Protein chains: 2
Amino acid sequence: MVKTPETHSQSTENKILEAAKKVFILHGLEGTSMQQIASEAGINKSLLHYYFRTKEKLFDAVFTYAFHYIVPQMEGILSSDSGINDKIERIVTEYMDMLSENKFIPAFILHEINRNPDRLYNIMQKSGIKPEMFVNQFVNEIQQGNIRPIDPRQLIINILSMCIFPVAARPLIQRIFFGNNENAYRQFLEERKKVVSEFIIQSIKP
Amino acid sequence: MVKTPETHSQSTENKILEAAKKVFILHGLEGTSMQQIASEAGINKSLLHYYFRTKEKLFDAVFTYAFHYIVPQMEGILSSDSGINDKIERIVTEYMDMLSENKFIPAFILHEINRNPDRLYNIMQKSGIKPEMFVNQFVNEIQQGNIRPIDPRQLIINILSMCIFPVAARPLIQRIFFGNNENAYRQFLEERKKVVSEFIIQSIKP
DNA sequence: TTTAATTTTGACCAGTTGGTTAAACCAAAT
DNA sequence: ATTTGGTTTAACCAACTGGTCAAAATTAAA
């Protein structure tokens, strides 16, 4: 049987992707060597090039994955028929949960956004994310007088900021405010879900 | 005259620091090579090692500088006798101004926070920044009933988030919302100063 | 069992990495 | 004019960089 390039051994390819994910997200594209990834995966360096011809191609695969994590499908929540306050609370909660479970991704993405903006932008385009969906949602609510007039883009960035930043800056904040106690910070992030929701809802009251 | 190690040629040392600052902030510690810095400074690679023995030492010098930018002395504003709303507006405005002028620093710092948290924490300690100052300020206002009860740490992080994130994620946001038009984003950040201030003030009303 | 295709490996490549060293350079002091 | 000191440079180092290649090992088809 003639295997197409896509028929690569599933297990090895997965091992590589898992290892690459781990190392790339910790050190970024430039800070990571193919040897590090190979070692992490417990395989030969040549095998990396056999599965993903170049470092860039391997990175793209991992990056696409990481991105789909940080900008997931929120369509379900948005298109539900609950009120705006309810939607905000659900989005904030689910988003912060996801970020807490992938705590190295935010800083990684922010770094790569600045290193190669177009790469991320292209991946985002392909992912089918439509920012207008979020914008329209808020425009409607403003027109109906449910929230006060505010530039929807500003509001979206406010929400994203308050969810992403405390995870991206976690190692420092954890040291400053919580004596580097990991559980204390986890608890803090847990409470924060409610805090951020209330903060936003309170600030957009008509 | 016997020159002490501190008597290094001011001009060369400055050239190096300027070049290192530029390259480090763009590429991070691991993404930067000594040769890049030497070329940027228009000097020999050996000369780098002559002035700053190792890459780490040079990085520390630059990093300390960058950090003093992002956590500047806000004591003046805090200790003034204006009302809390006024203080918030001034802090947000001045902080966002500074960030806009140093737009690569936020992502750089966030990256290095995750790469080597202790380095940054130590530098912060030495810088004399006292987080309690900010905390106490809000505790007082809450006790006096000027703002609603809220964990001061949450409030501080809310403010920092909304100021820092839009600069750190700038290249992507600029593409998504403004067709990569730099002036449009600058304008957006300009308006944002007011938006964030109002957003915070509105959300902490008693 | 032979054949054919895929998977894995180690040796190797030219270029780069951070860092060292000794010699050259240069201004000022003697 | 020579010595002295800091400054700058080119040559060099071992280790590592991303990447290639041909041969070996494995697997599956005939």
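Predicted model only: the values in this text are computed from it and were never measured. By convention in this document, chain letters (A, B, ...) are assigned in the order of the sequence lines, proteins followed by strands, and residues within each chain are numbered from 1.
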Does the distance from a Lys or Arg side-chain N to an Asp or Glu carboxylate O, for B:K15 and B:E18, drop under 4.0 Å?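 Looking at B:E18 together with B:K15, the answer is no, because their closest N to O distance does not fall below 4.0 Å.
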A:K103 with A:E182: basic N within carboxylate O range, under 4.0 Å: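 Salt bridge flag = yes for A:E182 with A:K103.
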Would you say the side chain of [Y] lies within less than 4.5 Å of the side chain of [X], judging by non-hydrogen atoms?
X: B:I176; Y: A:Y121; value: yes
X: A:L58; Y: A:F24; value: yes
X: B:F177; Y: B:Y185; value: no

Does anything in residues 19-27 of chain A reach DNA chain C, meaning a heavy atom under 4.0 Å, and if so which residues?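 Residues of residues 19-27 of chain A under 4.0 Å from DNA chain C: none.
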Close approaches to DNA chain C from residues 112-119 of chain A, in residue order (heavy atom, under 4.0 Å):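 Per residue number, the list is empty: none.
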Which pair of non-hydrogen atoms, one from A:K55 and one from A:L29, has the smallest distance, and what is that distance?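 Minimum heavy-atom separation between A:K55 and A:L29: NZ-O, 3.0 Å.
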Starting from [atom2] on [N], measure out to [atom1] on [X] and report it in whole angstrom.
X: B:Q36; N: C:dT16; atom1: CD; atom2: P; answer: 12 Å
X: A:I43; N: C:dT7; atom1: CD1; atom2: P; answer: 13 Å
X: B:N44; N: C:dA24; atom1: CG; atom2: C1'; answer: 13 Å
X: B:L48; N: C:dT17; atom1: CG; atom2: C1'; answer: 13 Å
X: A:L47; N: D:dT26; atom1: CG; atom2: P; answer: 14 Å
X: A:K55; N: C:dT16; atom1: NZ; atom2: C1'; answer: 13 Å
X: B:F52; N: D:dT8; atom1: CZ; atom2: P; answer: 12 Å
X: B:E30; N: C:dT16; atom1: CD; atom2: P; answer: 20 Å

Please work out which of the three classes, parallel, tilted or perpendicular, describes the rings of B:F108 and B:F59, given edges at 30° and 60°.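 Taking B:F108 first and then B:F59, their aromatic rings stand perpendicular (interplane angle over 60°).
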Hey, does the side chain of A:T12 come within less than 4.0 Å of C:dT8's phosphate (OP1/OP2), counting only N and O?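 Yes, such a contact exists.
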Quick one: is A:Y51 getting a side-chain N or O under 4.0 Å of the C:dT7 phosphate, OP1 or OP2?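 So the side chain of A:Y51 is outside the cut-off, no N or O lying under 4.0 Å from OP1 or OP2 of C:dT7.
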So if I apply the salt bridge (charged side-chain N to carboxylate O under 4.0 Å, His left out) rule between A:E190 and each of A:R186, A:K194, A:R192, A:K193, which one comes out positive?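 Only one of A:R186, A:K194, A:R192, A:K193 forms a salt bridge (charged side-chain N to carboxylate O under 4.0 Å, His left out) with A:E190, namely A:K193.
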For D:dG19, does the base pair up with any side-chain atom of A:K45 as donor and acceptor (N or O, under 3.5 Å, distance only)?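 Yes, the side chain and the base share a sub-3.5 Å donor-acceptor pair.
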Any N/O donor-acceptor pair, A:S46 side-chain to C:dG10 base, under 3.5 Å: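 Indeed, a donor on one side and an acceptor on the other fall under 3.5 Å apart.
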Please list, for nucleotides 22-24 of chain D, all pairs of protein and nucleotide N/O atoms separated by less than 3.5 Å.
none

Going through the distances and angles, do A:Q36 and A:E40 end up as a side chain to side chain donor-acceptor pair (under 3.5 Å)? CA-CA 6 Å; A:Q36 278 178 73; A:E40 180 73 34; over 6 Å; no
Identify whether any heavy atom of A:S33 sits under 4.0 Å from a base atom; if not, whether one sits that close to sugar-phosphate; answer base, sugar-phosphate or nothing.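 If one applies the 4.0 Å heavy-atom cut-off, A:S33 turns out to touch the sugar-phosphate alone, with no base involved.
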Check: B:N102 side chain, B:I105 main-chain N or O, donor-acceptor pair, under 3.5 Å: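 A pair under 3.5 Å: no.
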Check: A:N114 side chain, A:L110 main-chain N or O, donor-acceptor pair, under 3.5 Å: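 A pair under 3.5 Å: yes.
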Report the C-alpha distance between B:L189 and B:R170 in whole Å, list the side-chain angles of each, state the deciding distance to 0.1 Å, and finish with yes or no for side-chain contact (heavy atoms from CB on, under 4.5 Å). CA-CA 10 Å; B:L189 284 183; B:R170 173 171 189 158; 4.1 Å; yes
